[in-house]
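Have a look at the structure below before the remarks.
When reading the values below, keep in mind they use all heavy atoms of this one structure, side chains included, and skip hydrogens, waters and symmetry mates. Every number for a ligand or one of its atoms is a count from 1 in the order of the listing.
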Amino acid sequence: MAYFPNPLPGTAALTDAVLFDQLLEQIRTARAVQVVGHVRPDGDCIGALLAMHHLLDFMGKPHALAAEKIPLSGYSAMTDFSLLRESADPALNPDLVIFVDTASFVRTLTGWQCPAPSIVIDHHGTNPRFGTWNWIEPRCSATCEMLFLLCAHARIPFTADLADALLVGLTTDTGGFRFSNTGPLQHHIAAELIAAGASVPNVSRMAYASCAPEGIRLTGHVMHSMELLADGQLAWAEILQPVYAACGGEANAPENLADTLRSVRGVRVGLLFHEIDATTLRANFRSDGSIDVSRIAQEFGGGGHPAASGLTLTTQDYTADRDRVLNRVLAELNANS
Ligand SMILES: [Mn+2]
């Protein structure tokens, strides 16, 4: 098993030894820990939940893992994926809660009250720091990158399972090491994780080659129905209820479907709308970096990263609210042309 006693190049600036020791002390002195991720957990969130599971196992702490609406995905092949639950464990009686990759408390568990002091570990710059202890690091590409730093600091042995979990998050939140959040450090960490036993083919298959057939049809629909505005700087599409109904619902939609829209030449913002049901509109934003889409999402109650963000609206009029968001993006493009 691998240890990382020597800091990798670039980790020193991201490693706050005082804070890390404080967080580890809270875990060490806890009796039982509930770990919570965000609704519809993505690869980074599922990787972070399972990485926390391995860390807590190593520290001998009883724990439970929860996130709502876990999608049907290739991640189910990960070791101990079956430990994930859609709600908090009522029998655990935790005295510490750890939130991973959760940009806000409303994106956690419906109707649940946090029963204990909490640690928030997240890389979304829009995070309001809703925990008792907050480690928010927008310079990290993934929450799994943060957990790599924490585990390395704690001298946790990097088993193949832990390395796999962290590599899933690092791979998916960097878009397969293609996004602007990818630098030398992300490649260094990936190299260390692979050396520790992470499987690149398994991670790639789970993240990119486990799509439901209906998910490919949804991708085709988005590609086919895409519309361009603002002289080709904005590419947008929508998945309306009948399309979702025909394709088995949102659970079949591939993660990062909106990236497809951003990939068109000359596009600065890709915007994908989902008509989830009669009163729910969801939107995903992707930017080339020239527009901070996390600020726009935040204006509508959402959040995320400058180049990748999202929002969920309760709506009485889907089309009117969709156009409100579209016009807001068009205004931003005009103001920054
Ligand atoms: Mn993330």
Q: Could you tell me which residues satisfy side-chain contact (heavy atoms from CB on, under 4.5 Å) with Gln22, sequence neighbours excluded, listed by chain and number?
A: Leu19, Trp133
Q) Sorted by chain and residue number, which protein N/O/S atoms are under 2.8 Å from the Mn ion (ligand 1)? A) Asp44 OD2, Asp101 OD1, His123 NE2, Asp173 OD2
Q | Note: Arg28-Glu25 ion pair, threshold 4.0 Å (strictly below) | A | yes
Q: Take atom CD of Gln316 as the centre, draw a 6.0 Å sphere, and report whether it contains more than 12 heavy atoms from other residues, nucleotides or ligands.
A: no
**Q.** More than 12 heavy atoms of other groups within 6.0 Å of Asn334 CG
**A.** yes
Q: List the steps and the verdict of salt bridge (charged side-chain N to carboxylate O under 4.0 Å, His left out) for Lys69 and Glu86.
A: CA-CA 7 Å; Lys69 299 184 182 168; Glu86 301 241 344; over 6 Å; no
Q) Just wondering, do Asp277 and Thr279 contact through their side chains at under 4.5 Å, heavy atoms? A) yes
